[in-house]
Amino acid sequence: SLAAQGLPPFEGTLRSSGARPDGALRRRATRTLQVNIGLYCNQACSHCHVESSPKRTEAMTRADIARLLELLDASPGVGVVDIT
């Protein structure tokens, strides 16, 4: 936890920064959809947030893709689809 590391709670940071006086984080409409279609990558970067590498074989299934397309169709505010 943040407290165990001697750091203030995230809500307190939002309050003190003035970004959110009430300390609450509000969700906005989704405008960009990022899709990682698989974890195979020809590189193995230590900073990769999904831990992709040449040894990874996981990939989206047809069912996953069909569901993604359904969700995208129901989300008219999405103007950008970032596929990696």
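- Every residue was checked against the side chain to side chain contact (heavy atoms under 4.5 Å, CB included) condition with Ser16, not counting sequence neighbours, and none meets it.
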For residues 45-67, dump all side-chain donor-acceptor pairs below 3.5 Å to protein atoms at least two apart in sequence or in another chain.
residue : atom : partner : partner atom : Å
Ser52   : OG   : Leu39   : O            : 3.3
Ser53   : OG   : Lys55   : N            : 3.1
Arg56   : NE   : Glu58   : OE1          : 3.0
Arg56   : NE   : Glu58   : OE2          : 3.4
Arg56   : NH1  : Glu51   : O            : 2.9
Arg56   : NH2  : Glu58   : OE2          : 3.2
Thr61   : OG1  : Ala63   : N            : 3.4
Thr61   : OG1  : Asp64   : N            : 3.0
Thr61   : OG1  : Asp64   : OD2          : 3.1
Asp64   : OD2  : Thr61   : N            : 3.1
Arg67   : NH1  : Glu70   : OE1          : 3.1

List the steps and the verdict of side chain to side chain contact (heavy atoms under 4.5 Å, CB included) for Ile83 and Val81.
CA-CA 6 Å; Ile83 301 173; Val81 178; 3.8 Å; yes
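- Note: the hydrophobic cluster containing Val80 does not contain Leu72 (ILVMFWY, side chain heavy atoms under 4.5 Å, direct or indirect links).
- Considering only heavy atoms from C-beta on, Val35 comes within 4.5 Å of Leu68 through its side chain.
- Taking Ile, Leu, Val, Met, Phe, Trp and Tyr as members and joining any whose side-chain heavy atoms lie under 4.5 Å apart, directly or through other members, Tyr40 forms no hydrophobic cluster with any other residue.
- Remark: Gln34 pairs with Asn36, Asp82, Thr84 by the side chain to side chain contact (heavy atoms under 4.5 Å, CB included) rule, at least two apart or across chains.
- Residues passing the side chain to side chain contact (heavy atoms under 4.5 Å, CB included) test with Asp73: none are found, sequence neighbours excluded.
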